[in-house]
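Following: one structure in structure tokens, then a few remarks.
We number each residue from 1, following the sequence as shown.
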Amino acid sequence: MRPVYLCGFMGCGKSHIGRMLAKECCAVFIDLDKYIVDKQKMTIPEIFASKGEPYFRDLEAQYIKNFKGRTIVATGGGAMLRDATAEFARDKGIVVFLNASFETCYQRIKDDTNRPLVVNNTVEKLREIYDTRLPIYRKNSTYEINANTSDRQIAAEIIKLIELDTKTHNKLKG
């Protein structure tokens, strides 16, 4: 099994689904935001405030390259916005876009003070960010999953994609 990178807007379910998948696939789960916080010894709001969003995006790009093998990575909402980062992830594993509606995402994130983009923007601006990111997620992912269904159904669909990818990848190697 190659690494699986879950991408999508804040609140689409990357961490929740990622933990489920890791358990089902006997894989390591990495929440990229938490990984960055642990490595930097700063919260995400502190990183944004002291070093800026571009610095944080650089960290995402750098750390994504650390993961190999049986790993499920819940990327941050902006990690796959950079074409080079997404290209690396697609080459080394698969990138699955969890496409949840803005309304679903917003209900999950609206009170989260650990998300600088949520704290510093209106609902209208967040909707604009969502609308801007949607085509980029589509372009930079290997697969797109409807994330407006049950978590069990989402996980089952991704497991099928992982199995297909593993078979295909093994045929190419052998």
- Nearest 0.5 Å, what's the CD1-SG distance between I158 and C25? 9.5 Å
- Would you please test F97 and L134 for side chain to side chain contact (heavy atoms under 4.5 Å, CB included) and show each step? CA-CA 9 Å; F97 167 35; L134 194 64; 3.5 Å; yes
- Query: With Y143, which residues qualify under ring pair (Phe, Tyr, Trp, His ring centres under 6.0 Å), at least two apart?
  - Reply: none
- Query: Taking all atoms of both residues into account, what is the closest heavy-atom pair of G76 and D33, and its distance?
  - Reply: CA-OD1, 3.7 Å
- Same cluster (ILVMFWY, side-chain, under 4.5 Å), I30 and V96: no
- Value for SG (C12) from CG (L6), rounded to nearest 0.5 Å, stands at 8.0 Å
- Item | N146 side chain to N99 side chain, donor-acceptor N/O pair below 3.5 angstrom | no
- Note on the structure: All heavy atoms of V95 vs all of A89, minimum pair found to be CG2-CB, 3.5 Å
- Note on the structure: Taking every heavy atom of T104 against every heavy atom of S101, the minimum-distance pair comes out as OG1-OG, 2.9 Å
- Side-chain heavy atoms under 4.5 angstrom apart, residues restricted to Ile, Leu, Val, Met, Phe, Trp, Tyr: same cluster for V73 and I36? yes
- Is K125 paired with E128 through a side-chain N to carboxylate O contact shorter than 4.0 Å? yes
- Query: Quick one: do D31 and K14 make a salt bridge, cutoff under 4.0 Å?
  - Reply: no
Quick one: side chains of residues 62-69, donor-acceptor pairs under 3.5 Å with protein atoms, not counting sequence neighbours, listed by atom name and distance.
unit_1	atom_1	unit_2	atom_2	d
Y63	OH	Q40	NE2	3.1
N66	ND2	Y35	OH	3.2

- Item | Heavy-atom check, side chain of M10 versus side chain of C105, under 4.5 Å | no
- Spatial distance of atom CD1 (I145) from atom CD (Q153) [nearest 0.5 Å]: 9.5 Å
- Side chain of N148, backbone of A100: donor and acceptor closer than 3.5 Å? no
- Query: Which heavy-atom pair separates L21 from A155 by the least distance, and what is that distance?
  - Reply: CD2-O, 3.6 Å
- Do V123 and I109 belong together in a cluster built from hydrophobic side chains that touch within less than 4.5 Å? yes
- Query: Among K160, R152, R19, which residue meets the salt bridge (charged side-chain N to carboxylate O under 4.0 Å, His left out) test with E24?
  - Reply: R152
- side chain to side chain contact (heavy atoms under 4.5 Å, CB included) between R57 and T85, worked out: CA-CA 10 Å; R57 299 297 173 213; T85 304; over 6 Å; no
- Could you give me the CA-CA distance, side-chain angles and deciding distance for R2 and K92, then say whether side chain to side chain contact (heavy atoms under 4.5 Å, CB included) is met? CA-CA 7 Å; R2 301 186 309 148; K92 298 300 179 190; 5.8 Å; no
- CG-CG distance between L98 and D151, expressed to the nearest 0.5 angstrom: 11.5 Å
- Look only at the side chain of T142 and the backbone of I94, and say whether a donor-acceptor pair between them is shorter than 3.5 Å. no
- For the student: nearest non-hydrogen atoms of C7 and Y137, plus distance: SG-CD2, 4.3 Å
- Task: Could you grab the distance from atom CD of E60 to atom CD of E53, nearest 0.5 Å is fine?
- Result: 8.5 Å
- Task: Report whether M20 and I162 are members of the same hydrophobic cluster (ILVMFWY, side-chain heavy atoms less than 4.5 Å apart, transitive linking).
- Result: yes
- Item | Ion pair E103/R108, N-O distance below 4.0 Å | no
- Item | Least distance between heavy atoms, A86 atom then M80 atom | CA-SD, 3.6 Å
- Indicate, with yes or no, if F56 and Y5 share a hydrophobic cluster defined by side-chain heavy-atom contacts under 4.5 Å among Ile, Leu, Val, Met, Phe, Trp and Tyr. yes
- Task: Using ring pair (Phe, Tyr, Trp, His ring centres under 6.0 Å) as the criterion, list what pairs up with Y130, not counting sequence neighbours.
- Result: F9, F102
- Query: What is the distance from atom NZ of K167 to atom CG of D165, rounded to the nearest 0.5 Å?
  - Reply: 11.5 Å
- Message: Assess the residue pair I44 and V37 against the criterion (side chain to side chain contact (heavy atoms under 4.5 Å, CB included)); give the C-alpha distance rounded to whole Å, side-chain angles, the decisive distance to 0.1 Å, and a yes or no.
- Response: CA-CA 6 Å; I44 294 170; V37 166; 3.7 Å; yes
